[in-house]
Amino acid sequence: MSSNLIDLSIQHYGNPEAVAVLIADNPQLVTNSVEFELTDDVETLHATSLIIRDEDDLKLKKVLKELDGKIIES
């Protein structure tokens, strides 16, 4: 499975703009803190134990409902 930060953001928040929140809560996703791309593949091992904020305003519940728990891959 190949996911990136944008994929994970959409999958868990329904919103690609939630990438900053995802990184802030899960710094292990960014292996090189100096230079990284949002489209770089993320280790699936790290992606299985993510901290996701339930109360975050960036969450788009309509999109999440439509995704119905599907895994996003690019």
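Position 1 is the first residue of the sequence; numbering continues from there. Worth saying up front: this structure is predicted, and the values here are computed from it rather than measured.
Note that CD1 of Ile71 is 14.0 Å distant from CD1 of Ile10, once rounded to the nearest 0.5 Å. Going from atom NE2 of His12 over to atom CG of Leu67 covers 10.5 Å, rounded to the nearest 0.5 Å.
For the residue pair Ala24 and Pro27, the shortest heavy atom distance occurs at O-CD, 4.0 Å. Residues Lys70 and Glu66 approach most closely at NZ-O, 4.1 Å, considering heavy atoms. Heavy atoms only, all atoms of each residue included: Tyr13 and Leu22 are closest at CE1-CD1, 4.2 Å.
You'll find the side chain of Leu8 stays beyond 4.5 Å of the side chain of Asn26, heavy atoms only. Residues Ile23 and Leu29 fail the side-chain proximity criterion, which asks for heavy atoms closer than 4.5 Å.
At least one donor-acceptor pair closer than 3.5 Å links the side chain of Asn4 to the backbone N or O of Ile6. Remark: side-chain polar atoms of Ser9 are not paired, donor with acceptor, to backbone N or O of Gly14 under 3.5 angstrom.
Taking Leu58 as the reference, Asn15, Ala18, Val21, Asp56 meet the side-chain contact (heavy atoms from CB on, under 4.5 Å) condition, with sequence neighbours excluded. Partners of Asp54 by salt bridge (charged side-chain N to carboxylate O under 4.0 Å, His left out), not counting sequence neighbours, listed by chain and number: Lys59.
Linking ILVMFWY side-chain heavy atoms closer than 4.5 Å, directly or via other members, places Val63 and Ile52 in a single hydrophobic cluster.
A salt bridge (charged side-chain N to carboxylate O under 4.0 Å, His left out) check over residues 8-28, counting only residues at least two apart or in different chains, returns the pairs Asp25-Arg53.
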